[in-house]
Structures are given as structure tokens and as C-alpha cells.
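In what follows, a structure is listed as C-alpha cells, so that the remarks can point back to it.
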Amino acid sequence: MKNSILTIIFLLITIFNFGQERMYVTAESGLVVREKPSLKSNKIFHLPKNTMTYISKKTGINLVISDEGKEINGEWLKIYGFDNKNTQGYVFGGFLTDEKPEIWYSGKQAYYKTYDYDNQQEGTFKSNSISEKYLNQKLPSIEPNIEILNPKEFPYFLNPQNTKIVLFENHKLNSLKPAGILNSLTQVRIDSTFYKLKFRDYTNCVWNRININGKYYYTDIDIHDFSLSKELPNLNQKVKIVGQYDGYDGAYHLGYPEYFFMIFTNRENKVIYKTKVLDFHLNNEFAMEEDILNIKWNEKNNSYEITLIGAEQKTKISWNGKTSEIKKL
């Protein structure tokens, strides 16, 4: 009897969850979320245009507002799924639609209307970037942001890896407009991620809108979005080990990190030294931090020995506070 009751409860919860209506914001300036169904109620959130949200309750409280000389009719709707805290709030339903826009947002993720996981084709795929053909153009250099690490504002990195990266003003594949060339490592903040699907290759499958020094750019180059920070007390310094989530599914940024490099700083996060991208592959999707990293102080050499440990190889970086020596073990 107990199991039957639990089964019924589970089915009811499942029906409730799957029965929720997805809606998309149509207002050009976005939509305010309030604590209560009233224009006088406190504002708790703002939903940009084309943001997807879930309707949990229709209140039956109707409202007519004027927008650019037009009367908009709607009712107050209770919504959820618009932040990472499961907050619920109320919005004016006159600026919501169930018609999916060409590009829609959920949190910081952006999706194309035509994106469909079921449309993928099996086969051998080749990862490419469309940036290369723009490198011969006379484009301005983009100033990197790397002198002082600021993980709160710029938690990730874009690394040209001894080459150049073209950044764009847009991400429309048929009418790309280059903005400039990045020649060296920089800190970035990801504003939005756009997932695109193309058959037979993964070219431009993932684009990011990034912020560098307060300016926005678009790129299809993978972001270094994994990092570990460690204290180096004997040198009064710190080290950040940076990697790229590119393991077993580079198209969706899933799996274990690869393509590691290190940044050494003082206590105030001023950058002292940056290594190149190391000739090291983790190749271990189940590795934990304690499995992949070992840091020891070498009294004899007055230096730290930092070892990255992969499934089949190890790389050791000796750091004395000013210079590094890299060895494959």
C-alpha cells in the first residue's frame, strides 16, 4: 500500500512538472518580476527580452497597461525558473508569449530556435574555427586584461596559445564582422553562450559573448574555464592552474579539463609569470583535484615542485619565484 501511494505521488509530481507552460519575454526593455501581483510590489528580478521562464500559476488578476500608445491586456502570472535560487515571483503576462523566438535565453545560456539534439548525425567529426580566414585582414589589436587577476569580475581566460585569435562584433555566420585580433592571454567574463548545430562538423558549434576590459566580443574559440588556485607560502605567492573543459565532448564543453597552463602571482594577484600551454593530457574523466595535482616545497633548491598527474603521463613545473623549469616525467 505504501509503495502504491509513493508511486501515485511521484506520478502527480511528474505530471505537474511536465505540465508547466514555457513562456518567452517579448518586451524590448525586458520584464520586471515582483514579489506580489501588483505594480506597487517590490521588484525582485529583471528578465531580458527573449528569456524563457515557467508559468506555475494564473492568478486571474487582469491588468491593462499603456505601452507606446497601445493598450496591452494581460493578467498577473506566477513564474519560476528565472534564477539559480528557485525564486518565484509575479509578472505581467501581456509581455509573454508561448512562441519560441529565434534566439532564446535560459540564465546565461542562449539557444537557437532551430537547435534540436535529435537532429545530430553520427559519423566522424572535425573541429574547426572560422576565424583563420580573417587573420590576413588589417584589424586593430585587442588589449588583453592580464596584469592583475580579478577572478570575481573575470573568472575565465582566452588563450591564443602562441598564435592569434580573431574576435567578432556578432556571431551570425553569414555576415560575420571582425572586431580585432587578440595576440596574447587575457582574462574574460562570459556573458552568454550560444549553441549552434551543424551537420558533419562541429564548426562554430559553441559561441561565447565575452567581456574584456568592459568591451564585448564574440568568439567560437574554446574558453579556458577551469581553474585551481593554490597558496605558495614559502615564496609569499600564489599559483592558478588553468584548464579547458574539452574532455570527451568538446562541442558541449563537457568532461575533464585539458590544455593546462599556470599563472603565478603575488599576494595582491599581480601577475609575475605565465607558462605556455603545457604538453600534458589529463585523459581521466573521474579525476579529483587531489588526483591530478601535487605541490611540494624543495628545501634544497628553494623552489616549489608542482606536478600535474594524468592517466598516462606526468608533467612537473619547478618554480623558484621568478623562473620555471618544465619537465615531462
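Bear in mind the structure is a predicted one, so any value in this text is a computation, not a measurement.
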message: Between Lys230 and Glu289, does any side-chain N to carboxylate O distance fall below 4.0 Å?
response: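 The answer is yes: the pair qualifies as a salt bridge.
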- prompt: Checking side chain to side chain contact (heavy atoms under 4.5 Å, CB included) for the pair Ile55/Leu96: CA distance, chi angles, key distance, verdict?
  reply: CA-CA 10 Å; Ile55 307 302; Leu96 290 176; 4.0 Å; yes
All salt bridge (Lys or Arg N to Asp or Glu O under 4.0 Å) counterparts of [X], not counting sequence neighbours:
| X | result |
| --- | --- |
| Lys327 | Glu325 |
| Asp98 | none |
| Glu147 | none |
| Lys177 | Glu169 |

How would you list, by chain and number, every residue that makes a side-chain hydrogen bond (donor to acceptor under 3.5 Å, both in side chains) with [X], sequence neighbours excluded?
| X | answer |
| --- | --- |
| Ser229 | Lys240 |
| Gln237 | Trp319 |
| Glu299 | Trp297 |
| Asn301 | none |

message: Over 60° means perpendicular and under 30° means parallel, so tell me whether Tyr134 and Phe168 are parallel, tilted or perpendicular.
response: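 The arrangement is perpendicular - the two ring planes meet at more than 60°.
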- prompt: Linking Ile, Leu, Val, Met, Phe, Trp and Tyr by side-chain heavy atoms under 4.5 Å, what else ends up with Val242?
  reply: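 Joined to Val242, directly or through intermediates: Ile146, Leu149, Phe157, Leu185, Tyr259, Phe261, Ile263, Val271, Val277.
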field: Other cluster members, Ile148 - Ile/Leu/Val/Met/Phe/Trp/Tyr, side-chain contacts below 4.5 Å
entry: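 None, because no other hydrophobic side chain comes under 4.5 Å of this residue.
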- prompt: With a distance cut-off below 6.0 Å to the six-membered ring centre and an angular limit of 45° from the axis, does Arg209 pair with Tyr216 as a cation-pi contact?
  reply: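 Yes, Arg209 lies over the aromatic ring of Tyr216.
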- request: Tell me yes or no: between the side chains of Tyr80 and Thr87, is some donor less than 3.5 Å from an acceptor?
  value: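 Not at all, the side chains of Tyr80 and Thr87 share no donor-acceptor pair under 3.5 Å.
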query: Got a sec, which pairs hit side-chain hydrogen bond (donor to acceptor under 3.5 Å, both in side chains) with one end in residues 262-271, sequence neighbours left out?
result: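 side-chain hydrogen bond (donor to acceptor under 3.5 Å, both in side chains) check on residues 262-271 returns Glu231-Arg267, Asn236-Arg267, Lys238-Asn269.
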- prompt: For the atom pair CZ (Arg34) and CD1 (Ile79), what is the distance rounded to the nearest 0.5 Å?
  reply: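 Reported value, rounded in 0.5 Å steps: 12.0 Å.
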query: Going from CD1 on Ile221 to CG on Leu167, what distance comes out if it is rounded to the nearest 0.5 angstrom?
result: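 Rounded to the nearest 0.5 Å, the CD1-CG separation comes to 8.5 Å.
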message: As a quick check of understanding, evaluate side-chain hydrogen bond (donor to acceptor under 3.5 Å, both in side chains) for Tyr304 and Ser318, giving each step before the final call.
response: CA-CA 6 Å; Tyr304 277 96; Ser318 297; over 6 Å; no
field: Flag if over 12 foreign heavy atoms under 6.0 Å of CD, Gln137
entry: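 Result for CD/Gln137: enclosed.
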message: Are Tyr256 and Phe226, when compared by the centres of their aromatic rings, separated by less than 6.0 Å?
response: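 Centroid distance Tyr256-Phe226: not below 6.0 Å, so no.
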message: My understanding is that only residues two or more places apart in sequence, or in another chain, count here; which of them pass ring-ring contact (aromatic ring centres under 6.0 Å, His included) with Tyr156?
response: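 Once residues adjacent in sequence are excluded, Tyr156 has no partner under the ring-ring contact (aromatic ring centres under 6.0 Å, His included) criterion.
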task: May I have the step-by-step check of side-chain hydrogen bond (donor to acceptor under 3.5 Å, both in side chains) for Asn62 and Glu75, ending in yes or no?
output: CA-CA 4 Å; Asn62 295 313; Glu75 72 173 294; over 6 Å; no
